[in-house]
Amino acid sequence: MSKIAIVYWSGTGNTEAMADLVAQGVRAKGSDADLISATDFGPERLDEYDAYAFGCPAMGDEELEDTEFLPMYDAVEPLLEGKRVALFGSYDWNDGEWMELWEQRAEEAGLVVVDSVIAKDYPDDDASADCMRLGSLIAQ
């Protein structure tokens, strides 16, 4: 059984709802899932987990939230080379380019990105199913 960290930042609750769904997918595969706010996660916690799901909505001009999430992510990303990660988040405008840029950044840093999921605003039925599928993928 693997132990998965689901680390997220959510301003409106949309990405938090996605995190809950990812956790359900992890648990459905028989693995443990810990939901962790970005402010409560850092390099000192990496050894507690087998894989990681990171969630952050698009902010500003298709960017990761830069006050709480990005500082945490900047600190842990260099230590995750070769580790399995999943990425997720919500957006309200544009087309989701922030996720493509985030995936590219993670892959260039040597992370193994199993997949990503985006949702326009609050996750609808399709996005909810995608989040649960993402959880099952990262739990493998």
Side-chain angles (χ1 to χ4, degrees):
M1 175 188 314
S2 57
K3 188 171 180 183
I4 313 300
I6 302 169
V7 184
Y8 68 95
W9 184 90
S10 187
T12 62
N14 297 341
T15 302
E16 181 177 16
M18 295 178 77
D20 289 336
L21 291 160
V22 171
Q24 289 177 37
V26 167
R27 293 176 184 133
K29 281 295 250 194
S31 293
D32 290 332
D34 287 347
L35 288 161
I36 307 165
S37 170
T39 58
D40 296 328
F41 194 78
E44 70 283 353
R45 298 200 60 192
L46 291 176
D47 289 342
E48 298 174 35
Y49 300 95
D50 302 303
Y52 314 84
F54 292 101
C56 185
M59 303 292 290
D61 188 25
E62 298 260 356
E63 302 165 339
L64 296 171
E65 191 279 328
D66 64 358
T67 303
E68 296 176 15
F69 186 85
L70 190 57
M72 174 279 303
Y73 188 77
D74 284 343
V76 300
E77 183 185 60
L79 305 173
L80 292 173
E81 185 174 353
K83 300 287 186 178
R84 293 170 38 88
V85 300
L87 306 175
F88 64 94
S90 62
Y91 67 102
D92 185 27
W93 59 90
N94 290 338
D95 63 2
E97 180 185 22
W98 104 102
M99 185 58 70
E100 294 170 20
L101 297 172
W102 190 9
E103 283 183 53
Q104 182 180 0
R105 171 189 168 159
E107 289 169 351
E108 288 174 357
L111 284 62
V112 179
V113 179
V114 298
D115 204 356
S116 66
V117 171
I118 62 174
K120 177 137 175 52
D121 299 318
Y122 196 84
D124 62 12
D125 290 345
D126 289 340
S128 294
D130 287 343
C131 288
M132 292 193 59
R133 179 190 52 79
L134 187 67
S136 71
L137 285 173
I138 197 66
Q140 293 182 355

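Note that these values count all heavy atoms, side chains included, but never hydrogens, waters or copies made by symmetry. Note that the coordinates shown come from a computational prediction; the quantities given were computed from them, not determined experimentally.
- For Phe69 and Trp102, the distance between ring centers is under 6.0 angstrom.
- In the hydrophobic cluster analysis, where Ile, Leu, Val, Met, Phe, Trp and Tyr join through side-chain heavy atoms closer than 4.5 angstrom, Ile36 is grouped apart from Leu134.
- Here the side chain of Ser31 pairs no donor or acceptor atom with the backbone of Arg27 at under 3.5 angstrom.
- The closest donor-acceptor contact from the side chain of Asp34 to the backbone of Ala5 lies at 3.5 Å or more, if one exists at all.
- If you chain together hydrophobic residues whose side chains sit under 4.5 Å apart, Val114 and Val22 fall into the same group.
- With respect to Arg105 and Asp74, a salt bridge is recorded, a charged nitrogen being found less than 4.0 Å from a carboxylate O.
- Closest approach of Ala33 to Ile6, counting heavy atoms only: CB-CD1, 3.8 Å.
- Hydrophobic clustering (side-chain heavy atoms under 4.5 Å, transitive across Ile, Leu, Val, Met, Phe, Trp, Tyr) keeps Leu35 apart from Trp9.
- The neighbour count for Glu44 CD, taken as heavy atoms of other residues, nucleotides or ligands under 6.0 Å away, is above 12.
- The NZ atom of Lys120 sits 10.0 Å away from atom CG of Asn14, with the distance rounded to the nearest 0.5 Å.
- The distance from atom NZ of Lys29 to atom CD of Gln24, rounded to the nearest 0.5 Å, is 15.5 Å.
- Taking CZ from Arg45 and CE from Met72, the interatomic distance works out to 11.0 Å, rounded to the nearest 0.5 Å.
- Between Asp32 and Val26, the shortest heavy-atom distance links the atoms O-CG1, 3.6 Å.
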- request: Check step by step if side-chain contact (heavy atoms from CB on, under 4.5 Å) holds for Asp115 and Arg133.
  value: CA-CA 10 Å; Asp115 204 356; Arg133 179 190 52 79; 2.8 Å; yes
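- Contact record, Cys56 with Glu65: SG-N, 3.3 Å, taken as the closest heavy-atom pair.
- Between Ala139 and Ile4, the shortest heavy-atom contact is CA-CD1, 4.2 Å.
- To the nearest 0.5 angstrom, Met99 atom CE is 10.5 Å from Tyr91 atom OH.
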message: Val117 vs Met18, test: side-chain contact (heavy atoms from CB on, under 4.5 Å). Steps then yes/no.
response: CA-CA 9 Å; Val117 171; Met18 295 178 77; 3.9 Å; yes
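- Interatomic distance, CG of Leu111 versus CG of Leu79, reported as 10.0 Å (0.5 Å rounding).
- Between Tyr8 and Glu16, the shortest heavy-atom distance links the atoms OH-OE2, 3.5 Å.
- One distance of note links CE of Met59 with CG of Leu70; it measures 11.5 Å at 0.5 Å rounding.
- Taking each heavy atom of Val7 and Ala38 in turn, the nearest pair found is CG1-CA, 3.9 Å.
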task: List the steps and the verdict of side-chain hydrogen bond (donor to acceptor under 3.5 Å, both in side chains) for Glu108 and Gln104.
output: CA-CA 6 Å; Glu108 288 174 357; Gln104 182 180 0; 3.1 Å; yes
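- Hydrophobic clustering (side-chain heavy atoms under 4.5 Å, transitive across Ile, Leu, Val, Met, Phe, Trp, Tyr) groups Leu64 together with Val85.
- Listed by first and then second residue, the ring-ring contact (aromatic ring centres under 6.0 Å, His included) pairs that reach into residues 32-54 are Phe54-Tyr73, sequence neighbours excluded.
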